[in-house]
Trainee: 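Let me give you the structure first, and then I'll get to my questions.
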Amino acid sequence: DSGVTQTPKHLITATGQRVTLRCSPRSGDLSVYWYQQSLDQGLQFLIQYYNGEERAKGNILERFSAQQFPDLHSELNLSSLELGDSALYFCASSPRDRIFHEQYFGPGTRLTVT
Amino acid sequence: ELKVEQNPLFLSMQEGKNYTIYCNYSTTSDRLYWYRQDPGKSLESLFVLLSNGAVKQEGRLMASLDTKARLSTLHITAAVHDLSATYFCAVLSLPSGGGGSNYKLTFGKGTLLTVNP
């Protein structure tokens with residue numbers, strides 16, 4: 001158990017809908033990262049937040065957005081969902097550590113768009 | 001843009017045999033990571049490699065890093081069935097725009113390892 005929690009574990013929804021995925025980082029970690037894992041694209045970095053501020057963006061679609069709240073939990077919002085958005089979405093957190101920069105991954109949310 | 005290539009992508013081994021998974025990356029990086037993923041599960045950190053020549057071992061797995069060649073290897077010794085999983089290497093990079101706290105991991109496609117009795 002990495003200490004990162006994600007809810008829900010599974011989500012099934014229809015095309016065109018909007019969903020919110022939630023992540024709580026490990027205690028004390030200020031950075032939260034979101035990744036998408038799909039069969040065709042592999043594991044892709046989406047976005048990073050550090051202490052409430054967006055710090056880095058990867059291959060995140062405009063239909064997707066995220067935020068990190070004052071209590072450091074983060075939410076990933078996916079809207080106008082398409083079949084191709086079906087994937088496993090991971091959240092990771094990392095401590096403020098200038099040596100290892102290790103990221104600890106949550107259990108993931110499996111999103112199925114029908 | 002940083003690219004990370006793993007090979008092989010699929011590896012079927014017999015128990016007791018040795019094999020190596022390779023991870024090449026395209027630009028200079030500070031850190032390289034190996035993760036294990038069981039089907040439908042999260043990523044479990046195996047190794048963090050920090051510098052050229054770094055070698056780390058845990059049980060039947062040994063990882064090494066050659067930053068000059070931009071190559072990391074994950075060597076499996078005397079494989080056992082419990083090692084069956086997908087193994088990912090990931091390279092740390094600073095996104096453009098710099099700053100002290102923005103890092104991202106670029107992953108290889110993963111190597112699906114199956115160890116047969």
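Keep in mind the model is a prediction, meaning the values are calculated, not measured. Protein chains get the first letters and strands the later ones, always in sequence-line order, with residue 1 at the start of each.
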Trainee: To the nearest 0.5 angstrom, please state how far the CD atom of A:Q44 sits from the NZ atom of B:K104.
Mentor: 9.0 Å
Trainee: In this structure, would B:L43 and A:Y89 fall into the same cluster of hydrophobic residues linked by side-chain contacts under 4.5 Å?
Mentor: no
Trainee: Provide the full list of side chain to side chain donor-acceptor pair (under 3.5 Å) pairs with a residue in residues 16-25 of chain B, sequence neighbours left out, each pair given once.
Mentor: B:T20-B:H75
Trainee: Nearest heavy-atom pair of B:S42 and A:P107: which atoms, and what distance?
Mentor: CB-CA, 3.8 Å
Trainee: According to salt bridge (charged side-chain N to carboxylate O under 4.0 Å, His left out), who are the partners of B:E44, at least two apart in sequence or on a separate chain?
Mentor: none
Trainee: Can you check whether B:Q37 reaches A:F105 side chain to side chain, under 4.5 Å on heavy atoms?
Mentor: no
Trainee: State plainly whether one hydrophobic cluster holds both A:L43 and A:Y104, where clusters connect Ile, Leu, Val, Met, Phe, Trp and Tyr through side-chain heavy atoms under 4.5 angstrom apart.
Mentor: no
Trainee: For the atom pair CG (B:L92) and CD (A:Q103), what is the distance rounded to the nearest 0.5 Å?
Mentor: 7.0 Å
Trainee: Checking A:Y35 against chain B: side chain, backbone, both or neither under 4.5 Å from a heavy atom?
Mentor: side chain
Trainee: So which pairs with a foot in residues 55-86 of chain A pass ring-ring contact (aromatic ring centres under 6.0 Å, His included), sequence neighbours left out?
Mentor: A:F69-A:H73
Trainee: Only heavy atoms, only distances under 4.5 angstrom. Which residues in residues 105-117 of chain B are near chain A?
Mentor: B:L105, B:F107
Trainee: Can you get from B:V91 to B:Y87 by hopping between Ile, Leu, Val, Met, Phe, Trp and Tyr side chains that sit under 4.5 Å apart?
Mentor: yes
Trainee: B:V4, B:W34: one ILVMFWY side-chain cluster at the under-4.5 Å cut-off?
Mentor: yes
Trainee: Measure A:Q37 against the heavy atoms of chain B and call it side chain, backbone, both or neither at under 4.5 Å.
Mentor: side chain
Trainee: Do other residues, nucleotides or ligands put more than 12 heavy atoms under 6.0 Å from the CD atom of A:E54?
Mentor: yes
Trainee: More than 12 non-hydrogen atoms from neighbouring residues, nucleotides or ligands closer than 6.0 Å to CG on A:L83, yes or no?
Mentor: yes
